[in-house]
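Letters A, B, ... are given to chains in the order of the sequence lines, protein chains preceding strands, and every chain is numbered from 1. Any value given below was found using the heavy atoms of this structure, including those in side chains, with hydrogens, waters and symmetry copies removed.
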Protein chains: 2
Amino acid sequence: MTAPSKLDDLYCRPGFLFKRCHQVAAAIFIEECREFNVTSSQFSALYVLHTHPGVDQIALGRLTGLDRSTVGLVIRLLEERKLLERWPNPHDKRRMQLKLSAAGERLLEEVTPAAERARQRVLAILPPSQRDELMQLLVNLLERHGAVIDAEAILEGKHRPGRFDFSEAKPARPARRRGA
Amino acid sequence: MTAPSKLDDLYCRPGFLFKRCHQVAAAIFIEECREFNVTSSQFSALYVLHTHPGVDQIALGRLTGLDRSTVGLVIRLLEERKLLERWPNPHDKRRMQLKLSAAGERLLEEVTPAAERARQRVLAILPPSQRDELMQLLVNLLERHGAVIDAEAILEGKHRPGRFDFSEAKPARPARRRGA
DNA sequence: AACTTTTCGTCAGACGTATGTCAATTATGC
DNA sequence: GCATAATTGACATACGTCTGACGAAAAGTT
């Protein structure tokens with residue numbers, strides 16, 4: 001039907017399609033959640049902190065697929081809105097433990113139906129069989145790339161950083177040699 | 001096998017999966033193209049300008065799925081590296097026409113094999129049948145959401161802005177009322 | 001115990017992405 | 001023709017995302 005474009009090679013790239021699909025999903029999410037002023041990253045953080053209160057920022061990053069800096073930004077914004085509380089871990093003063101405030105719990109409850117509507121709007125446009133198929137293929141791709149988030153391992157401290165962990169500093173400092 | 005996590009509801013959200021898959025694809029792209037210092041947005045811009053020299057920034061934005069501000073940033077960076085040329089359209093002084101420089105064309109040629117390797121690495125991990133299936137499902141989702149980029153319409157000026165066009169200012173200025 | 005390495009969170013910088021505003025320019029309606 | 005509206009690209013702002021560097025603190029080594 002549509003004439004083949006010179007740009008089809010670009011538009012069929014997986015990265016391009018992922019980005020475009022994410023644009024669509026993000027736009028719908030923002031639309032549904034506009035009244036609550038919550039982005040999808042913030043929603044993820046609220047959700048994780050609801051189910052796992054007391055985690056620190058690094059763990060939150062691993063659980064949400066965000067790096068340390070992004071987590072720092074996201075939780076700063078949430079903290080400024082008094083949606084969560086932070087306090088240093090008494091056993092390790094580097095760690096800041098996180099927990100939703102009452103207002104945070106309340107907001108999450110209010111946002112959840114809107115987020116669910118967004119989810120539906122993104123997928124409902126596909127025939128039911130294709131919905132599961134698409135989600136399954138995406139999970140499958142992530143699995144084979146070792147990019148599935150293993151919440152158990154992270155929370156048990158058995159986490160082994162993979163290729164797509166952005167939470168930690170990569171090769172550390174070059175470790176200035178003493179010998180030479 | 002893996003114990004069901006309390007977070008599966010989060011990890012199965014389409015937006016979350018799109019974002020995570022995009023993270024994977026973007027990381028692989030950056031890795032393969034590191035020596036050229038080219039991001040995927042920049043690659044898209046180079047590619048479009050190669051096949052359609054002379055377009056202006058708005059059209060480039062529509063063709064790449066970027067809004068005006070992002071296009072402005074991307075082309076500024078490319079221009080600073082002398083990879084493209086800009087000159088005002090003589091018939092419409094608002095428009096800046098864009099074209100790759102010789103260096104830009106050369107860089108695109110050099111980057112293309114690396115970008116192709118990245119594409120392969122993202123998809124090759126899936127069995128062949130699943131690759132097409134996944135790509136097809138993504139395109140299908142975009143089509144049904146009216147988010148497929150119609151290069152012909154854009155270039156012919158027959159473009160009708162859809163829900164997922166970020167290139168233009170939305171409802172324009174509120175048009176200050178004269179009456180009241 | 002002293003030194004080194006690693007880890008946590010912050011900051012600065014870069015790029016990506018979208019909104020909103022603005023000046024200049026063009027198109028349109030009367 | 002002239003006032004109004006729409007378009008283009010600039011800019012400012014905001015948020016997201018990652019890298020690299022850093023200080024503080026903890027863990028590991030010798």
Side-chain angles (χ1 to χ4, degrees), chain A residues 19-20 22-23 26-27 30-31 34 37-42 44-45 55-62 64-78 86 88-98 157 159 161 164-178, chain B residues 19-20 22-23 26-27 30 34 37-42 44-45 55-62 64-78 80 86 88-98 157 159 161 164-178:
Chain A
K19 189 174 81 169
R20 192 84 180 125
H22 183 250
Q23 273 181 325
I30 290 291
E31 207 174 302
R34 182 174 306 282
N37 259 301
V38 172
T39 67
S40 53
S41 292
Q42 290 172 356
S44 294
V55 300
D56 63 274
Q57 296 187 196
I58 293 287
L60 178 59
R62 291 188 179 132
T64 51
L66 302 177
D67 70 316
R68 294 163 300 156
S69 297
T70 306
V71 169
L73 175 63
V74 169
I75 64 113
R76 183 170 65 74
L77 295 175
L78 293 177
R86 293 203 314 162
N89 181 323
H91 301 313
D92 186 341
K93 289 176 206 152
R94 294 169 304 180
R95 288 178 143 92
M96 297 295 279
Q97 297 191 253
L98 305 168
H159 175 67
F164 303 108
D165 274 302
F166 307 101
S167 10
E168 41 248 80
K170 288 300 160 49
R173 197 169 29 236
R176 63 167 179 283
R177 64 251 179 256
R178 330 157 287 217
Chain B
K19 190 174 81 170
R20 191 86 179 124
H22 182 251
Q23 274 181 327
I30 290 290
R34 182 175 306 284
N37 258 302
V38 172
T39 67
S40 53
S41 291
Q42 291 172 356
S44 294
V55 299
D56 63 278
Q57 295 187 194
I58 293 287
L60 177 59
R62 290 187 180 131
T64 52
L66 302 177
D67 69 318
R68 292 164 303 154
S69 296
T70 306
V71 170
L73 175 63
V74 170
I75 64 115
R76 183 171 66 74
L77 296 175
L78 293 178
E80 282 170 8
R86 291 197 322 155
N89 181 322
H91 302 313
D92 186 341
K93 291 177 206 151
R94 296 168 304 180
R95 287 177 143 96
M96 297 295 278
Q97 296 191 253
L98 306 168
H159 175 67
F164 303 108
D165 274 301
F166 307 100
S167 10
E168 42 249 81
K170 287 299 161 48
R173 195 167 30 234
R176 63 170 177 281
R177 64 257 182 250
R178 327 156 289 213

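The separation between B:Ile30 atom CD1 and D:dT19 atom P is 9 Å, rounded to whole Å. A:Arg94 places its CZ atom 15 Å from the C1' atom of D:dC22, with the value rounded to the nearest Å. Atom C1' of nucleotide C:dA14 and atom CG of A:Leu73 are separated by 15 Å, given to the nearest angstrom. Rounded to whole angstrom, the span from the CG atom of A:Asn89 across to the P atom of C:dT7 amounts to 17 Å. As rounded to whole Å, 14 Å separates atom C1' of C:dT19 from atom CD of A:Glu31. In this entry the distance linking CG of B:Asp67 with C1' of C:dG20 reads 11 Å, nearest Å. Counting to the nearest Å, the P atom of D:dA25 and the NE2 atom of A:His91 are 17 Å from each other. Atoms CG (B:Leu98) and C1' (D:dT8) sit 12 Å apart, rounded to a whole Å.
Of the candidate nucleotides C:dG16, D:dT8, D:dG16, D:dG16 has the atom nearest to the side chain of A:Gln42. Taking the side chain of B:Gln23 as heavy atoms from C-beta on, and the options D:dC18, C:dG9, C:dT17, the nearest nucleotide is D:dC18. Picking from D:dT17, D:dC15, D:dG9 the nucleotide with the shortest atom distance to the side chain of A:Leu66 gives D:dT17.
Residue contacts shown for A:Thr39 are limited to sugar-phosphate atoms, with no base heavy atom under 4.0 Å away.
Checked against side chain to side chain contact (heavy atoms under 4.5 Å, CB included), B:Gln97 has the following partners two or more places apart in sequence or in another chain: B:Trp87, B:Asn89, B:Pro90. With sequence neighbours excluded, the residues forming a side chain to side chain donor-acceptor pair (under 3.5 Å) with B:Gln57 are B:Arg86, listed by chain and number.
The shortest side-chain heavy-atom distance between B:Arg94 and B:Ile58 does not fall under the 4.5 Å cut-off. Contact annotation: the side chain of B:Leu60 never approaches that of B:Met96 to less than 4.5 Å [non-hydrogen atoms, C-beta and beyond].
Of the two residues contacting DNA chain D, namely B:Arg34 and A:His22, the nearest-nucleotide position lying further toward the 5' end is that of A:His22.
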Under 3.5 Å, which protein N or O atoms sit close to an N or O of nucleotides 10-13 of chain C? Give each pair with its distance.
unit_1	atom_1	unit_2	atom_2	d
C:dT10	OP1	A:Arg86	NH1	2.7
C:dT10	OP1	A:Arg86	NH2	3.1
C:dT10	OP2	A:Gln57	OE1	3.4
C:dT10	OP2	A:Gln57	NE2	3.0
C:dC11	N4	A:Ser69	OG	2.9

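For A:Ser41 and D:dC15, the shortest distance from a side-chain N or O to OP1 or OP2 is not below 4.0 Å.
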